[in-house]
Amino acid sequence: MTKQNQIHTSLGPALVPVEDELWEIDLTNLRIFFGLSILSRTIGEEIGNQLHSLPGDLSFTYKINPNINHELVDMHIQHVQVFARAGVLKDWVLFREQFEENLRFVFGSFQQQSVAKKIHPEFYGEDPNRNSSIALLFPFEADFVHPSGYYILMERVASQYRIGDFFLRITIDTQEDGCLNLANIKHEIISDAHTRTYIAGASKISESLSNGMINAAQKGETFYEEENSHFSKVFSQIEKTPLGKLTNINFYWEEQYRNLILSSDPSVSLAILKKLFLLLEDSSASKKIKEGNTIRALIGKVSVYVDLSRLDRVLNFSINRKRTLLDSSFYLKRMPLLEQIANSDGHNFSFEGINVFLIHHITSEIISLIEAFRRLKANSLDVAFVKYGGNIPSVYLDILLDIPTEMFFMAGLEFKLTKNNTPYYGVSPLYSDFEVHSTFRHKLEDAKLGFFDAMRRLAVFLFLNKLLSIIPKNEKLLLIEDGGYVAPILNERALDGVSFGDVLDEFWVETKDSSIKEKPFSEILKTYVIGTIEHTRNGYDRLVKVKEEKKSLFLPAFSIAISNEKTQEESKEVARSILNALDNTLHGVGKVISKRKVLLLGSKGNIGGFLKQYLIGGFLHENNLDILEVDRKLESESRYLKSDFSQVSDTEFAEIDLIIGVTGESIISPKTWESWILNSKHKQLFIGSGSTKTLEFADFIEWTNELNLSETSRLGGERLIVSFHRILDPQTQMDLGSKILFKIENKQIEKEVFLISDGSPVNFLFYGVPTESMDPIISQLASVSLGMVHYYKSQKLPNPELYAVDHQIDVWGKFL
């Protein structure tokens with residue numbers, strides 16, 4: 001590449017193009033300075049002090065602190081002398097903030113090699129006899145100082161009493177009628193403030209991030225992530241640069257760099273980070289990154305690749321090699337059955353011309369399913385992600401946010417707490433840009449809903465918006481869901497005979513087309529929606545309930561919920577993943593499953609039966625094999641078998657310290673919870689759900705919220721102090737749910753209740769069901785969906801009814 005293609009930077013070294021979307025800059029010899037913003041703040045504060053206490057000209061000398069600005073002292077600059085005529089800064093209060101920003105820019109110019117060597121030539125390898133020091137003149141606008149603005153002149157002056165030492169003379173004056181004869185002072189005007197955004201506190205920020213990386217490296221990790229919290233200094237400073245608002249800063253490195261971090265002084269890592277932040281300060285560099293380029297910064301033997309990902313929300317620093325960019329094909333390769341379907345191996349069905357609306361958990365298997373839908377030519381795909389506890393791996397978001405937005409939109413919820421610790425769910429900022437739906441986001445935020453209600457609102461809202469968007473194009477929509485959030489609502493409202501407008505209003509959907517609102521909702525569904533596909537037993541049961549109440553369904557529904565594969569094979573792995581999650585969480589707080597006294601709700605269900613089998617077959621100690629079971633399918637009652645929870649006595653309940661629930665409904669009343677807290681023989685009590693959504697312990701969640709909001713909480717008639725904390729994994733700091741402390745001082749009762757994953761399914765805290773077991777299940781979901789589309793295209797859609805795989809239809813939707 002020729003020199004003409006190079007881009008000069010404020011730092012001195014140029015950005016050099018290497019290949020398409022890759023630029024390089026050599027920062028090896030860039031001299032770095034720490035504490036310049038502290039110096040400018042100190043000078044600014046002294047100016048403020050003098051303006052308040054002195055009547056005349058402002059004049060003072062500040063001795064530079066070698067502990068803060070040792071680089072300046074190493075360059076033999078010992079003092080800063082400041083002068084301003086009386087009156088120049090009379091309106092200081094009005095422009096103080098801007099002035100301090102300008103002062104930071106002046107001192108920050110030492111960080112710009114091309115500028116710094118003009119004022120301090122010999123320290124940048126220049127011959128001082130040929131290139132003597134030149135003063136730097138910084139013009140700034142500020143109408144209330146003078147119509148022409150003001151300037152800050154920075155000169156380097158030889159010390160009068162120590163040969164070889166210097167001081168910096170700072171003169172502040174008005175631009176037009178200043179007291180200095182600038183014609184007699186050799187100077188250069190530095191007016192390119194726009195080429196650099198000074199990141200205040202970059203030294204402290206670099207130090208904090210460097211420490212985070214060192215801690216991660218000591219744990220054997222090769223990744224460190226900094227999240228944008230509400231009070232994060234680093235993110236608010238970066239937001240001023242062309243990079244804009246970020247949600248995360250990610251650092252990646254390989255084993256060689258990890259060894260360097262661990263074997264060298266922390267100052268080595270700190271210096272590298274400081275140079276990277278100086279790079280971000282340069283507007284040319286930041287703009288290149290914002291435009292989708294990667295910059296490779298050479299710093300000695302280390303090379304750092306800097307780029308943005310996830311719709312420009314995440315800044316990545318990849319040390320010594322580029323980030324490995326996976327795509328959805330990577331996960332699909334791990335699912336051979338689904339990959340066969342995706343590649344049209346053995347069938348000629350497709351989603352061509354059909355828009356798909358998917359509601360499902362965010363897992364690697366669903367990323368594979370999304371890729372399968374893409375290969376099978378879905379017209380567009382909208383996803384409402386079901387997200388409970390646990391963290392979403394960064395790589396999932398990287399992959400999903402790389403899918404072209406014209407055919408893909410996704411949204412989901414995030415767990416939140418009010419000021420007084422009441423849990424609720426709002427729209428997550430992690431997915432597609434939600435700004436177009438900001439009114440809905442605010443309404444959901446104000447509503448402070450629990451998970452199921454919030455998720456249903458979000459899913460129905462997005463589904464109706466998608467419906468509105470396809471009506472003018474006369475396209476078709478297929479709903480595929482996990483959990484019965486939308487399909488029961490669609491069937492109910494259509495059979496109730498309400499208008500489209502009624503449903504839009506109910507779910508906060510806005511439209512300018514008033515004529516379409518008058519049409520019956522049933523007519524809209526019949527014209528534009530092919531049918532629905534359901535994954536779970538809960539969703540299946542909801543549709544059965546609608547059919548019982550309304551005597552029929554409005555849309556044909558295919559379901560895999562009670563297929564042989566799902567009820568037997570998947571249930572085994574779900575049970576294992578529930579116990580794995582409980583085991584890991586308990587280990588984190590110093591406990592084990594094997595010693596717990598277990599109450600199993602729903603022990604005769606598909607998952608409950610395997611939970612019992614695995615608990616007795618290995619998780620519990622051989623002298624602790626009695627599990628208290630509750631299930632309405634139990635035919636005989638005994639000490640440990642109850643067909644209804646009302647059969648469990650307070651004494652029996654008091655012995656329990658771990659409740660596992662897989663019933664899908666809330667069956668323990670607040671009065672019983674109160675008895676448990678008051679009478680339990682254990683100080684620490686654990687609650688874990690393995691069923692869909694947050695319904696399993698909804699009464700407990702509601703009861704604790706009411707106690708929390710009550711000004712005079714009481715338990716057993718006694719004054720109660722209740723406080724909420726988080727369960728954090730001691731190694732990863734992952735949030736594992738709520739810890740609620742109940743304290744009754746009069747009775748000297750203190751109990752800790754661990755609501756694991758905040759009452760949502762615990763298996764989603766970690767890995768859920770492994771890919772190998774999910775491949776046949778997700779493949780059934782894909783094939784039965786293709787089957788319904790094939791019926792539509794053949795104009796043979798079945799009557800509105802619920803059709804289950806292995807009962808009425810096979811995995812391709814063919815009737816048995």
Side-chain angles (χ1 to χ4, degrees), residues 355-360 380-387 409-414 416 424-428 431-472 477-532 534 538-539 542-543 545-546 549-550 553-555 557 693-695:
N355 300 282
V356 175
F357 192 96
L358 175 67
I359 302 165
H360 222 295
S380 72
L381 178 62
D382 290 60
V383 186
F385 277 122
V386 180
K387 169 71 177 66
F409 180 87
M410 59 177 172
L413 299 174
E414 65 175 348
K416 302 178 101 172
Y424 71 100
Y425 288 82
V427 176
S428 169
Y431 306 102
S432 300
D433 186 359
F434 207 82
E435 203 48 46
V436 67
H437 302 309
S438 57
T439 306
F440 173 85
R441 188 181 70 229
H442 293 310
K443 283 185 175 179
L444 192 65
E445 186 70 25
D446 293 342
K448 303 284 187 286
L449 299 174
F451 182 81
F452 179 70
D453 291 328
M455 189 64 211
R456 183 166 59 187
R457 281 225 158 255
L458 175 70
V460 178
F461 170 82
L462 292 172
F463 182 86
L464 293 172
N465 269 286
K466 186 65 183 179
L467 201 47
L468 279 171
S469 74
I470 66 166
I471 289 170
L477 186 57
L478 176 70
L479 170 68
I480 305 170
E481 68 173 330
D482 176 286
Y485 295 97
V486 177
I489 295 278
L490 300 181
N491 282 281
E492 279 178 353
R493 299 300 182 273
L495 293 166
D496 286 343
V498 300
S499 72
F500 191 25
D502 289 337
V503 183
L504 294 176
D505 292 342
E506 181 186 355
F507 289 96
W508 306 334
V509 180
E510 298 166 331
T511 178
K512 290 172 184 170
D513 186 353
S514 55
S515 62
I516 202 166
K517 293 178 79 172
E518 294 165 11
K519 291 189 176 183
F521 186 50
S522 55
E523 184 187 321
I524 297 289
L525 285 190
K526 194 169 186 178
T527 311
Y528 301 103
V529 179
I530 293 170
T532 69
E534 175 53 57
N538 268 352
R542 283 200 175 90
L543 286 170
K545 192 177 174 189
V546 171
E549 289 176 1
K550 305 290 180 186
L553 291 180
F554 185 79
L555 293 166
K693 308 166 198 60
T694 47
L695 297 180

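Worth saying up front: this structure is predicted, and the values here are computed from it rather than measured.
In terms of heavy-atom proximity, Glu414 sits nearest to Val427 at OE2-O, 3.8 Å. Here the shortest heavy-atom pairing between Pro472 and Ser469 reads CD-O, 3.6 Å. When all heavy atoms of Ala411 and Leu462 are compared, the closest pair comes out as CB-CD1, 3.7 Å. Nearest heavy atoms, Ala487 versus Leu479: N-CD2, 3.7 Å. Between Ser522 and Ala494, the shortest heavy-atom contact is CB-O, 3.8 Å. Scanning both residues, Gly531 and Leu555, for their nearest heavy atoms gives CA-CB, 4.4 Å.
Residues that satisfy the side-chain hydrogen bond (donor to acceptor under 3.5 Å, both in side chains) test with Asn465, not counting sequence neighbours, are absent from this structure.
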Next on the checklist: Apply side-chain contact (heavy atoms from CB on, under 4.5 Å) to residues Glu492 and Phe554 and explain how you reach the verdict.
Outcome noted: CA-CA 8 Å; Glu492 279 178 353; Phe554 185 79; over 6 Å; no

Item to check | Audit row: Thr511, Lys517, side-chain contact (heavy atoms from CB on, under 4.5 Å) steps and yes/no | outcome: CA-CA 8 Å; Thr511 178; Lys517 293 178 79 172; 3.8 Å; yes

Item to check | Trace of the side-chain contact (heavy atoms from CB on, under 4.5 Å) decision for Leu467 with Ile470 | outcome: CA-CA 5 Å; Leu467 201 47; Ile470 66 166; 4.2 Å; yes

Next on the checklist: Could you go through Leu490 and Phe521, starting from their C-alpha distance and side-chain angles, then the distance that decides it, and tell me whether this counts as side-chain contact (heavy atoms from CB on, under 4.5 Å)?
Outcome noted: CA-CA 9 Å; Leu490 300 181; Phe521 186 50; 3.8 Å; yes

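Separation of atoms CD1 (Ile516) and OG (Ser499) is listed at 11.5 Å; rounding is to 0.5 Å. In this structure, Lys387 NZ and Tyr431 OH are separated by 6.5 Å, a value rounded to the nearest 0.5 Å. Atom CG in Asp482 sits 9.0 Å away from atom CD1 in Ile359 (nearest 0.5 Å). Taking CG of Leu525 as the reference point, atom CG of Leu477 lies at 9.5 Å (rounded to 0.5 Å). The distance from the CG atom of Asp505 to the CG atom of Leu464 is 10.5 Å, given to the nearest 0.5 Å. Taken to the nearest 0.5 Å, the NE2 atom of His437 stands 14.0 Å off from the CH2 atom of Trp508.
Remark: side-chain polar atoms of Asp433 are paired, donor with acceptor, to backbone N or O of Glu435 under 3.5 angstrom.
By the 4.0 Å N-to-carboxylate-O rule, Arg542 lies too far from Glu534 to be salt-bridged with it. Remark: Lys443 does not engage Asp446 in a salt bridge, criterion side-chain N to carboxylate O under 4.0 Å. The pair Arg493-Asp502 fails the salt-bridge criterion, with no side-chain N (NZ, NE, NH1 or NH2) lying under 4.0 Å from an Asp/Glu carboxylate O.
Tyr425 places none of its side-chain heavy atoms less than 4.5 Å from the side chain of Leu458. Inter-residue side-chain proximity for Pro488 and Glu481 is flagged as met; some heavy-atom pair is nearer than 4.5 Å. For the pair Leu444/Leu413, a side-chain contact is recorded, criterion being any heavy-atom separation below 4.5 Å from C-beta on.
More than 12 heavy-atom neighbours from other residues, nucleotides or ligands sit within 6.0 angstrom of NZ on Lys550.
For Phe461 and Phe507, the gap between ring centers reaches or exceeds 6.0 Å.
Note that Lys519 lies outside the cation-pi zone of Phe500, set by a 6.0 Å cut-off to the ring centre and a 45° limit from the axis.
Of the listed residues (Tyr528, Phe409, Phe357), just one forms a ring-ring contact (aromatic ring centres under 6.0 Å, His included) with Phe463, and that residue is Phe357.
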